[in-house]
Amino acid sequence: MTGPHPSTARWAAPALFAALVVVYVATMGRALSFDVFAANLASWHIAETGSPFVDLTDFPKLNNWPTREIWIVEAADGRDVIGRSSGVIAAAVPAYRLAGLLGFHDMDTVPASVTAAVLTAAAVTLLYVVLRRRLAQREALLAALLFGLTTPVWSVAADGMWPHTVTVFGIMGMAWAADRERWWLVGVFGGITLWGRLHAAVICAVVGLLLAWWRRSPAIAAKVAMTSGALLALTCLWSHWMYGTWSPTAAYRIGDFTANVEQSPVDVVNQLGLWISPGRGMLWWTPLLLVLGFALVRGWRDLPDWSRALVVGGAGYTLAQLMLNRYTGGGSFFGYRIGLEMLACLTPALALSAHRMGRVARRLFAPVAVLQLAVFAAGAVSSPALFPDADDRWTRNEYLWWLGERPLFVGLVSGGAAVIGIVVWRMWTDPDLKRD
């Protein structure tokens, strides 16, 4: 274990955060999925008027869309209201309020997208801070950059206000707090996570219960439960204000999800699709999971208990998610999004066990990392609206489709990113520069 260096601790994390904000803001999307636009619309209207009830006739494209019921639900009094998770709407309200104070009152997705960029940069920085306590600075920085720039964290979470923007931040906050044994804060960040996706409460619950069991300390579970429970209560309060009901599920047509469970509790194809389908498979888009997977298995027993608890919690959440919904997670985004919570839960454990990679994995690590950077750079600089929905994600991959549509543009962006990745890797492995 390598302790922090005072000479670099003052600037490394802030510099990483600032650099990521610049990259994320420079590549943020403008023409976004209706999932994101609808949440942004609610945030803007609350900031401008203090009311959640938007006059949807002013936004005919959303109001007249054939599947408008995906984004618009009926409140208890019969009025139409935007149906999106509480955290996704609430997180962007301050940015829209600030924009209004500066004189920008028209509806625009920019304030929400900047919020997404800042939250995601903060999540990646939290990961770096956690790993820096246990790894050399270069290794911690590399792991954070790989997480933030070679995965859908860049093309989805940092691109617009998706639920995953909130959940990834919350999960990394849980890791940071658990590593410091600040159990009250584990619950706070777990509560933030469930504000992004209500059933992500599974992750917080598993972490709290497992750590209490493994450490034989019921107080851990109690502290995590109290603070996360308080944030769950606030979610209910938000739901009552916005939808006229205390149910925290009011933002969605919950019947659609329960019907999926009733029809097929464990759909094998749906479960496998998240991992191996060419269109949304985590192992297709982030093959570093395969490269590092065996090292994780070998080093499992030596990992910090909180990192193992996160992996178990992420697996439980993902199983539940795929019982409730399809692995495709809709369209108009690049890579995958349903698996982002699992990716966030896996990343600390993968980084901390990477030193156990075998010979083959060590040879594959750099080329695969550069490949992922090249792919996601092309996706991140493209508008999500350019990637149309497709029913069959077993035959369709957005990157290959985009490469066929715009070979020169995609080739130049991917090639440039690959060159940058190779240069960075050679510098990282240069023995003259490797001193921490």
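If you read the sequence from its start, that first residue is 1, and numbering goes on from there. The figures here come from the full heavy-atom set of this structure, side chains too, leaving out hydrogens, waters and symmetry mates.
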_Note: Asp159-Arg337 ion pair, threshold 4.0 Å (strictly below)_ =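 Result for this pair is no, no salt bridge flagged.
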
Between [X] and [Y], do the side chains contain an N or O donor and an N or O acceptor separated by less than 3.5 Å?
X	Y	value
Thr245	Ser247	no
Ser382	Trp402	yes
Tyr336	Thr286	yes
Trp195	Thr235	yes

Counting only heavy atoms not in [X], do more than 12 sit closer than 6.0 Å to its [atom1] atom?
X	atom1	answer
Phe17	CZ	yes
Trp213	CH2	no
Asp106	CG	no

_Before you tell me yes or no, could you show the steps for Ser353 and Leu303 under side-chain contact (heavy atoms from CB on, under 4.5 Å), namely the whole-Å CA-CA distance, both residues' side-chain angles and the distance that decides it to 0.1 Å?_
CA-CA 7 Å; Ser353 57; Leu303 289 171; 4.1 Å; yes

Under the salt bridge (Lys or Arg N to Asp or Glu O under 4.0 Å) rule, what pairs show up with a residue in [range], not counting sequence neighbours?
range	answer
residues 306-317	none
residues 272-287	Arg280-Glu398
residues 283-303	Asp302-Arg356
residues 174-194	Arg133-Asp179, Arg134-Asp179, Glu181-Arg215

*Quick one: list whatever passes side chain to side chain contact (heavy atoms under 4.5 Å, CB included) with Ala75, sequence neighbours left out.*
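Side chain to side chain contact (heavy atoms under 4.5 Å, CB included) check on Ala75 returns Phe53, Asp77, Val81.
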
*Residues two or more places apart in sequence or in another chain: which of them pass side chain to side chain contact (heavy atoms under 4.5 Å, CB included) with Arg362?*
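Result, side chain to side chain contact (heavy atoms under 4.5 Å, CB included) vs Arg362: Met357.
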
*Given Leu296 and Leu346, is the side-chain contact (heavy atoms from CB on, under 4.5 Å) satisfied, shown in steps?*
CA-CA 9 Å; Leu296 174 61; Leu346 274 169; 4.0 Å; yes

*With sequence neighbours excluded, give me every ring pair (Phe, Tyr, Trp, His ring centres under 6.0 Å) pair touching residues 349-378.*
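Applying ring pair (Phe, Tyr, Trp, His ring centres under 6.0 Å) to every pair that reaches into residues 349-378, excluding sequence neighbours, yields Trp285-Phe376, Phe334-Phe376, Phe365-Trp425.
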
_ring pair (Phe, Tyr, Trp, His ring centres under 6.0 Å) pairs, two or more places apart, involving residues 157-179_ =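 Passing the test, one end in residues 157-179: Trp162-Phe333, Phe169-Phe189.
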
_Nearest-0.5 Å distance that lies between atom CG in Leu141 and atom CG in Leu135_ =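 Answer for the CG-CG pair, Leu141 versus Leu135, is 11.5 Å.
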
*Who pairs with Thr150 by side chain to side chain donor-acceptor pair (under 3.5 Å), at least two apart in sequence or on another chain?*
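Thr150 satisfies side chain to side chain donor-acceptor pair (under 3.5 Å) with Gln372 once adjacent residues are dropped.
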
*Which residues satisfy the side chain to side chain donor-acceptor pair (under 3.5 Å) test with Trp183, sequence neighbours excluded?*
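Checked Trp183 against side chain to side chain donor-acceptor pair (under 3.5 Å); zero matches.
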
*From CA spacing to verdict: salt bridge (Lys or Arg N to Asp or Glu O under 4.0 Å), Arg68, Asp80*: CA-CA 11 Å; Arg68 72 191 291 274; Asp80 287 339; 3.2 Å; yes

*Show your working on side-chain contact (heavy atoms from CB on, under 4.5 Å) between Ile338 and Arg326 and close with a plain yes or no.*
CA-CA 9 Å; Ile338 296 299; Arg326 297 179 303 152; over 6 Å; no

*For Tyr317, which residues count as a ring pair (Phe, Tyr, Trp, His ring centres under 6.0 Å) partner, sequence neighbours excluded?*
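With neighbours one apart ignored, the set is His199.
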
*From Leu288, Leu350, Val124, residue fulfilling side chain to side chain contact (heavy atoms under 4.5 Å, CB included) relative to Leu146*: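 Looking at Leu288, Leu350, Val124, the match for Leu146 under the side chain to side chain contact (heavy atoms under 4.5 Å, CB included) is Leu288.
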
*Check the pair Tyr252 / Arg84 against side-chain contact (heavy atoms from CB on, under 4.5 Å), numbers first and verdict last.*
CA-CA 7 Å; Tyr252 292 91; Arg84 294 285 93 190; 3.6 Å; yes

Under 3.5 Å donor-acceptor pairs involving side-chain atoms of residues 89-96, not counting sequence neighbours:
from: Tyr96; atom 1: OH; to: Asp108; atom 2: O; distance (Å): 2.7

*Closest heavy-atom pair and its distance - Ala200, Thr193*: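 Scanning both residues, the minimum pair turns out to be CB-CG2, 3.5 Å.
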
_Is the ring pair Tyr24/Trp154 parallel, tilted or perpendicular, if the boundaries are 30 and 60 degrees?_
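Geometry flag for Trp154 against Tyr24: tilted rings.
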
